Asker: 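The structure that follows is given in the form of structure tokens.
We're numbering straight along the sequence, starting at 1. It should be emphasised that the depicted structure is a prediction, and the values quoted were computed from it without experimental measurement.
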Amino acid sequence: MRSALLGVVTLVATMAVPLAGTAGAVSPPSVLGGSGPYPAGYETTWRLPDHTIYRPEVLPPDSKLPIVAWGNGACRADGTWFENVLTEWASHGFLVIANGRPGGFGSTDSDMLIEAIDWAIAENSRFRGEYRGRIDTTKIAVMGQSCGGIETYEVADDPRITTTVLWNSGLLRDSQNYLLRRLHAPIAYFAGGPSDIAYDNAMDDWRRLPGGLPAFMGNLDVGHFGTFAEPNGGEFGRVGGHWLKWQLKGDPAGRAQFVGPDCGLCDTEWDVRQKNLG
């Protein structure tokens with residue numbers, strides 16, 4: 001089961017097929033998007049040269065930006081491969097930092113997620129920096145798709161992390177199960193249903209989670225590549241935004257999507273499981 005997913009991860013990395021038609025292009029700063037209240041785009045900086053930073057064009061005047069570190073599927077070093085969904089989340093008032101430069105190539109590793117967090121925290125206090133005092137360094141999400149989910153697991157023991165999110169991902173082999181025992185923050189899994197090559201792996205991880213850990217599992221029957229290529233990331237973008245707003249901003253409407261027998265995703269096309277969510 002787990003070796004089958006490893007084969008798919010390797011195949012996808014070799015094919016390097018973009019999820020969106022413009023994923024390899026570098027958009028000018030004036031190209032903004034997202035359905036949130038803060039039209040967002042991406043930028044790069046020499047201070048974090050191997051990443052792509054998604055942010056509102058105009059930083060919110062009345063709130064700070066929580067941090068979201070993102071690992072790409074196939075551990076691919078293209079920070080714009082998931083541009084649609086990352087722009088969507090940034091437009092709701094998050095600082096989203098993806099592994100890889102815009103249109104980049106090569107491979108990433110889990111250390112790059114920590115580099116993104118470290119950079120954001122440093123920027124919040126950098127003298128005369130644009131982000132000075134504008135980042136909520138106490139609210140940090142780490143998430144990734146497929147191979148990027150494995151990267152997420154590898155850093156999830158960092159005590160600074162507020163929530164961990166796995167997209168179409170699960171551990172590849174049982175020898176990695178020790179990573180589950182190190183989880184400490186609320187975790188969410190969003191997968192593509194039984195046709196998702198990572199489905200069995202994610203469900204196996206779900207059964208092995210530490211007792212008492214708050215956790216959510218949502219499956220939508222869309223396969224391994226989810227809805228990321230749709231405008232604003234489609235349904236995955238919408239649901240992921242609700243999780244981030246609940247976990248990083250304390251939004252009660254976001255919480256209502258995931259908690260209880262009458263949750264917003266319950267009795268919909270989503271197959272929902274809950275643990276310890278209160």
Asker: Under a 4.0 Å N-O cut-off, is there an ion pair linking E123 with R132?
Answerer: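 A salt bridge is absent here (no side-chain N lies under 4.0 Å from a carboxylate O).
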Asker: Check whether N168 reaches the backbone of Q145 with its side chain - one donor and one acceptor, N or O, closer than 3.5 Å.
Answerer: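 No; judged by distance alone, with no hydrogens or angles, the pair does not exist.
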Asker: Tell me whether N84 contacts the main-chain N or O of E230 through its side chain, where contact means a donor paired with an acceptor under 3.5 Å.
Answerer: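 Looks like yes, one N/O pair under 3.5 Å.
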Asker: Are the side chain of R134 and the backbone of P60 linked by a donor-acceptor contact shorter than 3.5 Å?
Answerer: yes
Asker: What is the distance from atom CD of Q274 to atom SG of C266, rounded to the nearest 0.5 Å?
Answerer: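 Going from the CD atom of Q274 to the SG atom of C266 covers 5.0 Å.
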Asker: Would you say the ring centers of W167 and F228 fall short of 6.0 Å from each other?
Answerer: yes
Asker: Given 3.5 Å as the limit, does a donor-acceptor pair link the side chain of K249 with the main chain of G93, or not?
Answerer: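 At least one qualifying donor-acceptor pair exists.
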Asker: State plainly whether the residues R273 and D271 are in salt-bridge range, i.e. N to O under 4.0 Å.
Answerer: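 Yes, this pair counts.
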Asker: Mind listing the closest non-hydrogen atom pair of N276 and G212 along with its distance?
Answerer: ND2-C, 3.2 Å
Asker: Applying side-chain contact (heavy atoms from CB on, under 4.5 Å) to R55 and I135, what does each step give before you reach the verdict?
Answerer: CA-CA 11 Å; R55 48 156 291 180; I135 299 173; over 6 Å; no
Asker: May I ask you to decide whether D158 forms a salt bridge with R182, counting only side-chain N to carboxylate O separations under 4.0 Å?
Answerer: no
Asker: Testing V142, V155, I121 for side chain to side chain contact (heavy atoms under 4.5 Å, CB included) with R160, which one passes?
Answerer: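 Answer after filtering V142, V155, I121: I121.
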Asker: Please report the shortest heavy-atom distance between L180 and L171, naming the atom on each side.
Answerer: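 Closest approach of L180 to L171: CG-CD1, 3.7 Å.
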Asker: Rounded to the nearest 0.5 Å, what's the gap from CD on Q257 to OG1 on T268? Could you check?
Answerer: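 The distance works out to 9.0 Å.
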Asker: Flag the pair D251 and R255 as a salt bridge only when some basic side-chain nitrogen lies within less than 4.0 angstrom of an acidic carboxylate oxygen.
Answerer: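 Looking at R255 together with D251, the answer is no, because their closest N to O distance does not fall below 4.0 Å.
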Asker: Please verify the inter-ring angle class for F216 with F258; under 30° counts as parallel, over 60° as perpendicular, anything in between as tilted.
Answerer: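 Rings of F216 and F258: perpendicular, as their planes differ by over 60°.
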Asker: Judged by atom type as modelled, is there a donor-acceptor pair below 3.5 Å linking the side chain of D196 to the main-chain atoms of G193?
Answerer: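 Side chain of D196 to backbone of G193: no pair is present.
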Asker: For the side chain of T152 and the backbone of G144, is there at least one donor-acceptor N/O pair under 3.5 Å apart?
Answerer: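 Between the backbone of G144 and the side chain of T152 there is a qualifying donor-acceptor contact (under 3.5 Å).
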Asker: Run the salt-bridge test on K139 and D136 with the 4.0 Å N-O cut-off and return the result as yes or no.
Answerer: no
Asker: Counting N and O atoms only, with roles assigned by atom type, does the side chain of T227 sit under 3.5 Å from a partner on the main chain of F236, one being a donor and the other an acceptor?
Answerer: yes
Asker: Look only at the side chain of S169 and the backbone of S146, and say whether a donor-acceptor pair between them is shorter than 3.5 Å.
Answerer: yes
Asker: Do K245 and F94 pass the side-chain contact (heavy atoms from CB on, under 4.5 Å) test, and can you show the C-alpha distance, the side-chain angles, and the key distance before you say yes or no?
Answerer: CA-CA 9 Å; K245 283 187 279 189; F94 298 94; 3.8 Å; yes
Asker: When you measure from the side chain of D78 to the backbone N and O of P102, does any donor-acceptor pair fall under 3.5 Å?
Answerer: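 The answer is no, because no donor-acceptor pair under 3.5 Å joins these two groups.
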Asker: Short question: side chain of T80, backbone of G103 - any donor-acceptor pair under 3.5 Å?
Answerer: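 At least one qualifying donor-acceptor pair exists.
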Asker: Between OG1 of T163 and CE of M143, what distance do you get to the nearest 0.5 Å?
Answerer: 7.0 Å
Asker: Kindly compute the distance separating SG (C147) from CG (N99), expressed to the nearest 0.5 Å.
Answerer: 10.0 Å
Asker: How long is the span from the CG atom in D109 to the CE atom in M112, to the nearest 0.5 Å?
Answerer: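 Spacing of CG (D109) from CE (M112) equals 6.5 Å.
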Asker: Taking ring pair (Phe, Tyr, Trp, His ring centres under 6.0 Å) as the test, write out the residues that go with W206, two or more places apart.
Answerer: none
